Structures are given as C-alpha cells and as structure tokens.
Amino acid sequence: MNVQSPPNLDKLRNIVQSFGPHSFTAAQAATEYEGSAASSESTKTFDKLLQRHEVVLGIQPVTGSPGVWKAC
C-alpha cells in the first residue's frame with residue numbers, strides 16, 4: 001500500500017465487514033485490500049490504520065491478541 005496516499009476507508013470498511021462476526025488479522029485485511037499477500041511492513045501499516053480508524057470501521061481489537069480484530 002502506498003502510505004503517501006490516504007486509505008480508501010469505504011473499501012477498508014467493506015473488507016472488515018466481509019469477515020462478519022469472525023475475528024481477522026491486520027495481515028488478512030491488508031491482503032484483501034491489496035489483492036496479494038501482505039508483507040510484514042504492509043501488515044504493520046494496516047494494523048496502524050485499523051487502530052486509527054477503528055470507530056469509523058466498527059471494529060475493536062481482540063484483548064490479548066495483538067493484531068487481531070473483530071466487529072463490535
């Protein structure tokens with residue numbers, strides 16, 4: 001992902017909603033967003049994006065599982 005451009009939050013919201021009630025990792029979200037396997041750097045970037053936009057995306061971190069998220 002090009003960190004210079006802002007993320008498409010609508011696309012990201014659709015991706016995280018596609019996981020439904022199941023938990024997902026930042027790597028899974030990054031892979032879906034980019035359309036290819038996410039690198040470790042991309043995964044870190046997406047974890048930061050998920051943290052920054054969790055309210056807008058309707059997600060929350062899974063307690064005790066770093067990098068794991070679920071819908072609220």
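All values derive from a computational prediction rather than experimental measurement.
At distances below 3.5 Å, at least one donor-acceptor pair connects side-chain atoms of Thr31 with backbone N or O atoms of Ala38.
Every residue meeting the side-chain contact (heavy atoms from CB on, under 4.5 Å) condition with Glu54, not counting sequence neighbours, appears here in chain and number order: Ile59, Gln60, Pro61, Trp69. Looking at residues two or more places apart in sequence or on another chain, you find a side-chain contact (heavy atoms from CB on, under 4.5 Å) between Thr25 and Ala27, Gln28, Val68. Under the side-chain hydrogen bond (donor to acceptor under 3.5 Å, both in side chains) criterion, Glu41 pairs with no residue at all, not counting sequence neighbours.
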Anything under 3.5 Å between a donor and an acceptor, one on a side chain of residues 11-20, the other on a protein residue two or more places apart or in another chain? List them.
from  : atom 1 : to    : atom 2 : distance (Å)
Lys11 : NZ     : Tyr33 : O      : 3.0
Arg13 : NH1    : Val56 : O      : 3.3
Arg13 : NH2    : Asp10 : OD1    : 2.6
Asn14 : ND2    : Asp10 : O      : 3.3
Ser18 : OG     : Ile15 : O      : 2.5

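Remark: Lys48 NZ to Thr43 OG1 distance equals 12.0 Å, nearest 0.5 Å.
Considering every non-hydrogen atom in both Ser23 and Lys70, the closest pair reads CA-CB, 4.2 Å.
The stretch residues 20-32 participates, sequence neighbours left out, in no salt bridge (Lys or Arg N to Asp or Glu O under 4.0 Å) pair at all.
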